[in-house]
2 protein chains.
Amino acid sequence: MMGEDKFDTSPEWVDGETKALEAPGDHRAELRLWLRLLTCSTLVESEIRRRLREEFDSTLPRFDLMAQLERAPDGMVLGEVSKRMMVSPGNITVLVERLTESGHISRTTLPTDRRVQVIALTPFGRAEFEKMAATHADWISDLFAGLSPKESGVLMDELAKLKRSVISALAKNT
Amino acid sequence: MMGEDKFDTSPEWVDGETKALEAPGDHRAELRLWLRLLTCSTLVESEIRRRLREEFDSTLPRFDLMAQLERAPDGMVLGEVSKRMMVSPGNITVLVERLTESGHISRTTLPTDRRVQVIALTPFGRAEFEKMAATHADWISDLFAGLSPKESGVLMDELAKLKRSVISALAKNT
DNA sequence: ACAATAAATTTCAAGCTTAAAATTGTTTTG
DNA sequence: CAAAACAATTTTAAGCTTGAAATTTATTGT
């Protein structure tokens with residue numbers, strides 16, 4: 001863990017005053033930041049889920065899966081979908097079953113390797129997805145409307161740093 | 001769907017100046033921002049879930065519920081817990097059942113209003129939670145270690161703006 | 001060729017989550 | 001004082017999610 005750079009040689013804006021008030025191992029600032037991040041994403045996510053259900057009788061996982069397939073005209077292997085969506089393989093199996101039943105996607109066993117399943121949007125699924133995607137984009141735009149382009153840019157950059165930080169921490173712990 | 005209004009005869013509300021570089025309805029920047037936010041929170045969240053399970057044989061919802069109770073020495077009403085955690089009331093019922101079984105929390109029916117259930121941490125639950133909380137704080141600190149205090153501050157502020165934006169958008173749509 | 005190994009996917013058991021309906025208890029009002 | 005309205009919670013049905021075990025298929029070393 002960090003924050004114990006007692007011999008910190010970092011820039012002057014880290015003044016003794018700020019540090020003086022913090023005990024070693026005081027992680028309150030990070031915790032607040034994490035809670036705020038989680039609150040924001042929960043607020044947006046649950047609203048999107050609600051609207052997908054009400055207006056399209058669909059769900060976020062279904063939408064996300066179709067979004068992955070939209071940019072893969074030749075389809076995608078299940079394992080790849082699982083990785084990109086950051087969910088477990090078993091999860092994909094269930095989603096694919098339902099989306100196949102409802103006619104939104106097709107699934108094919110690869111002839112050269114019968115372990116491999118390739119899924120792709122059907123024309124119907126693509127049409128449905130495009131309708132949803134356009135509306136979805138409006139929703140997001142709406143929810144984020146209070147941020148100026150400049151503020152969006154700053155947030156984008158800071159989140160990029162956070163993402164790098166998290167990924168690097170994950171990589172370290174084996 | 002979007003982009004098909006080739007024969008749109010609607011008024012030219014689009015101000016040529018601001019929108020000069022963007023097609024009407026171009027929400028790509030907001031979408032990217034939302035995806036990045038979601039990625040960050042998913043990365044952190046799933047790592048925290050994993051560690052809670054592996055190191056404490058617990059779950060994030062249980063931890064969150066206990067965290068709410070920690071600051072309420074006299075206990076809290078179920079409805080209040082539900083609101084603070086931003087989850088459905090039915091969800092709380094299940095969590096409370098299990099945490100009561102395992103001895104982490106106690107539940108009492110309010111004598112003055114027998115509809116109301118008050119839950120509180122037991123001494124055992126408090127001790128367990130304190131162990132988890134300390135470790136949890138280290139995990140978060142670790143994952144966020146790549147951000148300087150200044151960057152954390154900026155991110156904190158931008159997320160505050162986003163939170164206001166989302167809440168205000170939710171309030172508008174009734 | 002063939003046993004061991006590895007890879008892709010599915011199955012399983014358990015728990016989380018939600019919205020809507022039902023239940024139980026309280027308050028307000030005619 | 002009832003009846004209606006309201007409030008807190010639980011139940012229900014359906015779907016999501018996971019990790020681990022199992023299954024199916026391919027590859028590799030001998």
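From a predicted model like this one, the values you see are computed outputs, not experimental measurements. Convention: sequence-line order gives letters A, B, ...; per-chain numbering from 1.
- Between Leu78(A) atom CG and dT24(D) atom C1' there is a gap of 14 Å when expressed in whole angstrom units.
- The shortest distance between side-chain heavy atoms of Met132(A) and Met66(A) falls below 4.5 Å.
- For the side-chain hydrogen bond (donor to acceptor under 3.5 Å, both in side chains) condition, the pairs that include at least one residue of residues 75-97 of chain A, sequence neighbours left out, are Glu80(A)-Arg84(A).
- Comparing the local axis fitted to the first five base pairs of the helix from dA1(C)-dT30(D) to dG30(C)-dC1(D) with the one fitted to its last five gives a bend of 0°, rounded to 10°.
- Note: CZ (Arg50(A)) to C1' (dT17(C)) measures 16 Å, nearest angstrom.
- With the nearest nucleotide of DNA chain C identified for both Val77(A) and Glu54(A), Val77(A) has the one nearer the 5' end.
- At the heavy-atom level, Ser46(A) lies nowhere under 4.0 Å from the strands shown.
- Between Pro61(A) and Gln117(B), the residue whose closest nucleotide on DNA chain D is further toward the 5' end is Gln117(B).
- In terms of heavy atoms, Asp142(A) sits closest to Ala169(B) at O-CB, 3.7 Å.
- Rounded to an integer number of Å, the gap from CD of Glu45(A) to P of dT17(C) is 11 Å.
- In this pair, His136(B) and Phe63(B) present their aromatic rings tilted. The plane angle is within the 30 to 60° band.
- In this structure, the CD1 atom of Ile119(B) is 14 Å from the C1' atom of dT10(D), given to the nearest Å.
- Classified by interplanar angle (parallel below 30°, tilted 30° to 60°, perpendicular above 60°), the ring pair Trp34(B)/Phe144(A) is perpendicular.
- Nearest heavy-atom pair across Glu30(B) and Asp26(B) is OE1-O, 4.3 Å.
- Few gaps surround NZ on Lys161(B); more than 12 heavy atoms of other groups in view lie less than 6.0 Å from it.
- We find that CG of Asp64(B) is positioned 14 Å from C1' of dT17(C), with the value rounded to whole Å.
- Residues Leu37(A) and Leu159(A) form a side-chain contact, since some pair of their non-hydrogen atoms from C-beta on lies under 4.5 Å apart.
- Scanning both residues, Leu147(A) and Ser165(B), for their nearest heavy atoms gives N-OG, 4.2 Å.
- One can place CZ of Arg53(B) at 7 Å from C1' of dT18(D), the figure rounded to the nearest angstrom.
- Less than 4.0 Å separates DNA chain D from at least one heavy atom of each of the following residues of residues 81-116 of chain B: Pro89(B), Gly90(B), Thr93(B), Glu97(B), Arg107(B), Arg115(B), Val116(B).
- Between Arg62(B) atom CZ and dA14(C) atom P there is a gap of 13 Å when expressed in whole angstrom units.
- Atom CD in Glu47(A) sits about 14 Å away from atom P in dT18(C), given to the nearest Å.
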